[in-house]
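Read through the structure below, which is laid out as structure tokens, and then see the notes.
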Protein chains: 2
Amino acid sequence: MTRIDDVARLAGVSTATVSRALRGLPTVSAATRRRVLAAAEQLEYAVSPSASRLAGGRTGTVAVVVPRITRWFFGTVVEAVEDILQQAGYDLLLYNLGGREQVRARVLRTADLHKRVDAIMLVATPLRPTDLTALGRLKLPGVTLSSGTVVPGWPCVRIDDVGVARTATRHLLDLGHRRIAHITGDPDDELAYTTHLDRRRGYREALCEAGIEPDPSLDVESQFTISGGTRATEELLRRGDPPTAIFAACDEMAMGAMTALRDAGLRVPQDVSVIGVDDHDLASVLGLSTIAQPAAEQGRLATRILLDPLHGRALPPGSTPYLDTPGSPVILPTRLIVRESTAPPRAH
Amino acid sequence: MTRIDDVARLAGVSTATVSRALRGLPTVSAATRRRVLAAAEQLEYAVSPSASRLAGGRTGTVAVVVPRITRWFFGTVVEAVEDILQQAGYDLLLYNLGGREQVRARVLRTADLHKRVDAIMLVATPLRPTDLTALGRLKLPGVTLSSGTVVPGWPCVRIDDVGVARTATRHLLDLGHRRIAHITGDPDDELAYTTHLDRRRGYREALCEAGIEPDPSLDVESQFTISGGTRATEELLRRGDPPTAIFAACDEMAMGAMTALRDAGLRVPQDVSVIGVDDHDLASVLGLSTIAQPAAEQGRLATRILLDPLHGRALPPGSTPYLDTPGSPVILPTRLIVRESTAPPRAH
DNA sequence: CTGAAAGCGCTTACAG
DNA sequence: CTGAAAGCGCTTACAG
């Protein structure tokens, strides 16, 4: 392959000048730059990332860590993040934790990332104290998206999970439901996502405000997946005296709940109302009421924030800084979407 | 950060020996290796990928190109691929084409990838002749997954798309349907996925074998997405004299079709039967009949094939070579899953 | 089994 | 605005 020397020779300049011209540095005359670009094109020159990274000390790469790329929210986020990174010329190094402790350890606890990427995005990744210590030692810029654990010094983009749960629960209360169940994330996971804790809190708060004592038998924990929703709902039904409504912590769980209800001979919403969170692509197909959250927008915003210090870009005049109060999370809005899966309970 | 010299000094050996010991090369005595590993651990040493790549000429990275990470099939494939790459110590560089011509060009037509990765996996990526030429010049090993375009010299892992479509169509024929519509991929895309062409072919073949002349008005093209399925079905209904069954080229289109039918006041399967392809996670939730294909398995297999020449690994004794006939695709099995969305047509 | 030394292909002060 | 030269941190023949 052609190297920088080849281009330099053809353009009649030094390699230093080629390097500067190709990267668009301002200290190159227009005529020289033209010659260099022409030579590079003619030779089909592409810079060697390894050499450039070694010499320049920058990797041009961002690590994106997600729990499971196959879940709707994370896939949507990654797509949006990739789009922005691509435009900015960054590579996206994907880490799909997938519940594999070994991967967690490699990503979060070794110095592996330090020399591999310029910045880190953690999507909904809960951290142990030791993880936080290790991340701090890396001294890399980072951003967290969706709850997970707050990393000191890193911006955070998210929604108001407590508020989301209150809105969903209140919607059911407003319809007249009193026995409202909640199905949510894994109880035994010591790294429990704060997402599910926050959503449960909102659920309980809304109930209490309505004068209803939260009933532990109506609160079932499983996993944030379709089959998790199915299992949780089956457990719920097994306990007898079924609820008239279910608030699922995400749409995928809600879809699982709908299956389990159908299999149990219960109709949605006539027998049981169901509401989720996300506005998954399939929510409208299933007529699922939900609280919509802007997944792609969170990804885009988090990426822009991440790239900002790297590029040292100034904010355009008149624009709002990303963070009103440095250190406080950027909260994006959500909204209730009422479809066919929620209705008043049958007259008692 | 600590460099290789630091480790060498602490272990009392040369950097060459550290390099060899850390990479597990056999030409290092057990005692030396132990000392080196201990020193590396004590110093929390992590090799610099840039330096290692520049010196060694290998990147330890695989490019994975997918049309859209948010579509079920591609997300599932990427998750499986990432798992194998992770275990093998490779980085996964994600390229989500997302219909962006600019990204296509950068990935497929520049020498960008050449110095960036050791191997390429193209998932369902159709290629123009110029793309093929450019890929050939890269002289990198690669593999294609799912149809797309065949790249000379690259192994290919896929299913039998014609056969899948025949099975789906035959299932509908066996139920007694005669007016069977097909909704499938984008017609105007000059890079039309071969997937959708193959599936249409199977559909037509099955009809012809049953003595039915394919009716062009029952063949609607849209996009391989939920909303694509909805639009295609709306178009189908607009044409009047609706079919008694729809074969959708993928489950996501089938789900879109179910929505459109419901919105038009038609019941599935009483008025119209629907069958898709994939066995999407949600197919069972929706009671969608489908042809299941092993997405993760295709990803795993393609990755193993890709890594094989890189590592120069010999196949374990007794194992079957990946490719029976070099150059011929590896075809993975599929199977019909009958759920609630298909039934005999109503008596005329 | 181990080491000294060259070299991978760039970028970056430094000097002009 | 441009160039000569050092250096980024490894790996790899080569020699022993």
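Being a predicted model, the structure only gives us computed values, none of them experimental. Per chain, numbering begins at 1; letters A, B, ... match sequence-line order.
Contact annotation: A:T17 side-chain N/O to D:dG3 OP1/OP2 distance is under 4.0 Å. An OP1 or OP2 oxygen of D:dG9 is reached within less than 4.0 angstrom by no side-chain nitrogen or oxygen of B:S48. Put simply, B:R53 has no side-chain N or O that comes within less than 4.0 Å of OP1 or OP2 on C:dC10. An OP1 or OP2 oxygen of D:dT2 is reached within less than 4.0 angstrom by a side-chain nitrogen or oxygen of A:T32. Residue B:Y45 places at least one side-chain N or O under 4.0 Å from the OP1 or OP2 atom of D:dC10. Look at B:K115 and you won't find any side-chain N or O under 4.0 angstrom from OP1 or OP2 of C:dC8. Side-chain N/O atoms of B:S14 include none lying less than 4.0 angstrom from OP1 or OP2 on C:dT2. Here B:T15 does not reach the OP1 or OP2 of D:dC10: none of its side-chain N or O atoms lies under 4.0 Å away.
Atom CG of B:L25 is separated from atom P of C:dT2 by 12 Å (rounded to the nearest Å). Put simply, CG on B:D5 is 15 Å from P on C:dA5, counting in whole angstrom units. Between A:R9 atom CZ and D:dA4 atom P the separation is 13 Å, expressed in whole Å. A:L22 has its CG atom 10 Å from the P atom of C:dC10, to the nearest Å. D:dT2 atom P lies 12 Å from atom CZ of A:R34, rounded to whole Å. Atom CD1 of B:I4 is separated from atom C1' of D:dT11 by 8 Å (rounded to the nearest Å). To the nearest angstrom, P of C:dC10 lies 11 Å from NE2 of B:H114.
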Practice prompt. Step by step, work out the side-chain hydrogen bond (donor to acceptor under 3.5 Å, both in side chains) result for A:T59 and A:D118.
Written response: CA-CA 6 Å; A:T59 65; A:D118 293 331; 3.0 Å; yes

Worksheet item: Is there a salt bridge (Lys or Arg N to Asp or Glu O under 4.0 Å) between B:D83 and B:R300 once you walk through the steps?
Response: CA-CA 8 Å; B:D83 188 39; B:R300 279 190 291 267; 5.8 Å; no

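Donor-acceptor pairing under 3.5 Å is lacking for the side chains of B:T133 and B:T130. One side chain, A:T32 or A:S29, offers a donor N or O that lies under 3.5 Å from an acceptor on the other.
Each of B:A55 and B:R33 was assigned the nucleotide of DNA chain C with the nearest heavy atom; the assignment lying further toward the 5' end belongs to B:R33. Between A:V18 and B:R35, it is B:R35 whose nearest contact on DNA chain C lies nearer the 5' terminus.
Across all strands shown, B:S50 has no heavy atoms under 4.0 Å from either base or sugar-phosphate atoms. Within 4.0 Å of B:P49, counting heavy atoms only, lies no atom of the nucleic acid at all.
With hydrogens and angles disregarded, a donor-acceptor distance shorter than 3.5 Å links the side chain of B:R33 to the backbone of B:A21. A:R100 contributes a side-chain N or O that, together with a main-chain N or O of A:L97, makes up a donor-acceptor pair within less than 3.5 Å.
Candidate nucleotides D:dT11, C:dG3, C:dG9 were compared by shortest atom distance to the side chain of B:R23, and D:dT11 ranks first. Distance from the side chain of A:L54 is smallest for C:dG9 among the nucleotides C:dT2, C:dG9, D:dT11. When distances are taken from the side chain of B:R3 to each of D:dC10, D:dT12, C:dT2, the shortest belongs to D:dC10. Counting only heavy atoms from C-beta on, A:A16 has its side chain closest to D:dG3 among D:dG3, D:dG9, C:dC10. Nearest nucleotide to the B:S29 side chain, out of D:dT11, C:dT2, C:dT12: C:dT2. Closest contact between the side chain of A:R20 and the listed nucleotides C:dC14, C:dT2, D:dC10 involves C:dC14.
When the C1' atom is used for both D:dT12 and D:dG16, the distance is 16 Å, rounded to whole Å.
Shown here, C:dG16 forms a base pair with D:dC1; the pair counts as Watson-Crick or G-U wobble because both key distances fall under 3.5 Å.
No side-chain heavy atom of B:V62 sits less than 4.5 Å from a side-chain heavy atom of B:I120.
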